[in-house]
There are 2 protein chains.
Amino acid sequence: MTTAEENYLKAIYHLSEGGKKSVSTNDVAGAMKTKPASVSDMLRKLGEKEVIEYRKYYGVHITDEGKKQALQTIRKHRLWEVFLVDKLNFAWDEVHEVAEELEHIQSPLLIQRLDAFLNYPKFDPHGDPIPDEFGDVKAKPRLVLNEMEIDQMGQIVAVKDSSAAFLKYLDKVGAYIGARIKILDKTDFDGSIEILVDQKKNLFMSKEVAANILIQQS
Amino acid sequence: MTTAEENYLKAIYHLSEGGKKSVSTNDVAGAMKTKPASVSDMLRKLGEKEVIEYRKYYGVHITDEGKKQALQTIRKHRLWEVFLVDKLNFAWDEVHEVAEELEHIQSPLLIQRLDAFLNYPKFDPHGDPIPDEFGDVKAKPRLVLNEMEIDQMGQIVAVKDSSAAFLKYLDKVGAYIGARIKILDKTDFDGSIEILVDQKKNLFMSKEVAANILIQQS
DNA sequence: TCATTTTTTTAGTCTAGGCTAATTATTATT
DNA sequence: AATAATAATTAGCCTAGACTAAAAAAATGA
């Protein structure tokens, strides 16, 4: 697999995550920031390698083999993120781009050793679970904050949008990975919510922000 | 600079090291394991970027700017080698290929942090000096073992041929980076030499082997 | 249902880096 | 100095991965 193929496969994997049946060419183009024409070409290639099932005009399904390979790339990405934050003192909002490059280094031994060196971490700095070397993820299910009901409780374990802007905003308002939260109020009109952070701090946020925060229920 | 360009420039830098005036297309093709035709093309491109001075049919000279850039790549390569050996417990003869990939990661911050994390090492696991962030190398001059005279003394600080086979051979006969040596005898006929290792072990080696061992005189 | 809109694919072009075969420069040898 | 040998360059082709424009299929909606 080339770097480009790995990136496409990873994108298709992520787009399939929400339980969506099939992923469209346009979706992939959007995620990859390429044009649909380029995507068609790549889908044909990935189809031939049997990491996806490709039926012209009907989008793609990722195969079990494809899933396994995508999870390997994701594993590498997240391990490197842990390395950057834990060992090289990067901020959690500075690691994505570099990890995007590092994840394509081809050396199973390297990843094995890195995993050991980092002490077999289970989550990356954004709270996302790190698949094991067989592609297994045994993380408990997570909820999207804006889909929770009043009085439900949990812990912030991840963010979907790990852009620098979003991460900085969270930091500013006092939300962070690990924070324990409780839904205090929810406005049907605009979907905005009010939460209690660590049993002491009230925090109001828009639906858009809440939709990017993942919660582990306790 | 693309990865390919970086690799060519690094090769040209190394080929220029022996004080050779100009480097031939064939030399570069040999080092890069590509065909001369491909090299001609790349030399034209590198010439346009002014990292080399290229006169058709007369080989190339690396420019000051080119030297600076090559040294940055070399710096990155060697820092990663230190990381692999010191932190991830790679053997010194296992690191080259992986470092060859890692050296192309583009992130000045990453290298800065890595350098600090490794405690600003001055030599890589093969004993080669690590240039600083300005491309300066302040390592003392080294001699090639087969060019030393009887009774001269010094310390093994590096090997030129860092192939796994050569490194394993050295290990087997009891030579290693850091060993203190003294030239006991030299045969004009075939250039083979006999050395004393650490004041206790006599070691006989061919000119070919000795030509790959670099000595720091004490 | 049939026409229009949207989505997707195909066809053809481009750049980076390779290659081989043919050509041209330079160097070596008589 | 002329010719032979070697080295380097050019020309033309290939693949990967992007693009645009055109064509075709699918979805929508009047």
Side-chain angles (χ1 to χ4, degrees), chain A residues 1-13 15-16 18 20-62 66 69-70 73 97 100-101 103-106, chain B residues 1-13 15-16 18 20-62 66 69-70 73 97 100-101 103-106:
Chain A
M1 292 255 285
T2 66
T3 292
E5 287 169 344
E6 283 182 357
N7 284 333
Y8 271 98
L9 191 57
K10 196 168 48 122
I12 292 166
Y13 174 85
L15 290 168
S16 310
K20 280 188 61 176
K21 266 124 249 307
S22 90
V23 175
S24 74
T25 298
N26 262 359
D27 289 347
V28 177
M32 292 297 296
K33 294 175 177 191
T34 56
K35 302 293 162 175
S38 312
V39 173
S40 284
D41 238 47
M42 183 55 94
L43 294 185
R44 191 187 35 71
K45 277 177 45 182
L46 292 177
E48 281 164 15
K49 301 206 167 169
E50 314 207 349
V51 290
I52 60 172
E53 234 177 86
Y54 175 42
R55 246 190 78 208
K56 276 188 199 175
Y57 292 103
Y58 288 91
V60 295
H61 289 269
I62 193 161
Q69 290 191 30
T73 306
E97 280 67 28
E100 207 66 25
E101 291 189 53
E103 75 189 7
H104 300 294
I105 304 290
Q106 304 292 180
Chain B
M1 291 255 286
T2 65
T3 292
E5 287 170 346
E6 281 183 359
N7 284 334
Y8 270 98
L9 190 57
K10 195 168 51 123
I12 293 165
Y13 173 84
L15 290 167
S16 310
K20 281 188 61 178
K21 265 127 250 308
S22 90
V23 175
S24 75
T25 298
N26 264 357
D27 289 347
V28 177
M32 292 298 295
K33 295 175 177 189
T34 56
K35 304 291 163 178
S38 311
V39 174
S40 284
D41 239 46
M42 184 55 93
L43 294 185
R44 189 186 37 70
K45 275 176 46 182
L46 292 175
E48 281 164 14
K49 300 206 169 171
E50 314 208 349
V51 291
I52 61 172
E53 235 176 84
Y54 176 42
R55 248 188 76 209
K56 274 187 199 174
Y57 293 103
Y58 288 92
V60 295
H61 289 267
I62 193 161
Q69 291 191 29
T73 306
E97 280 68 28
E100 206 67 25
E101 291 188 54
E103 75 188 7
H104 300 295
I105 304 289
Q106 304 287 253

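In the text below, chain A, chain B and the rest are named by the order of the sequence lines, each starting its count at 1. Scope of the values below: all heavy atoms of this structure, side chains included, with no hydrogens, waters or symmetry mates.
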Determine, for B/E6 against B/K10, whether the closest basic-nitrogen to carboxylate-oxygen distance falls under 4.0 angstrom.
-> no
Looking at B/D27, B/N7, B/V28, which hits side-chain contact (heavy atoms from CB on, under 4.5 Å) with B/I12?
-> B/V28
By side-chain hydrogen bond (donor to acceptor under 3.5 Å, both in side chains) - contacts of A/K35 (at least two apart) | none
DNA chain D contacts among residues 51-59 of chain A, heavy-atom distance under 4.0 Å = A/Y57, A/Y58
Counting only non-hydrogen atoms, which of residues 32-46 of chain B are less than 4.0 Å from DNA chain D?
-> B/P36, B/A37, B/S40
Does [X] reach the side chain of [Y], with side-chain heavy atoms less than 4.5 Å apart?
X	Y	value
B/I62	B/V23	no
B/E103	B/E100	yes
A/Y8	A/V39	yes

Look at B/N26 and D/dA8 and indicate whether a side-chain polar atom (N or O) is within less than 4.0 Å of OP1 or OP2.
-> yes
If only side-chain N and O atoms of A/T25 are considered, is one of them under 4.0 Å from the OP1 or OP2 phosphate oxygen of C/dT9?
-> yes
Within 6.0 angstrom of A/E53 CD, more than 12 heavy atoms from elsewhere = no
To the nearest angstrom, how far is B/H104 atom NE2 from C/dG17 atom P?
-> 12 Å
State the CD1-CG distance between B/I52 and B/L46, to the nearest 0.5 angstrom.
-> 4.5 Å
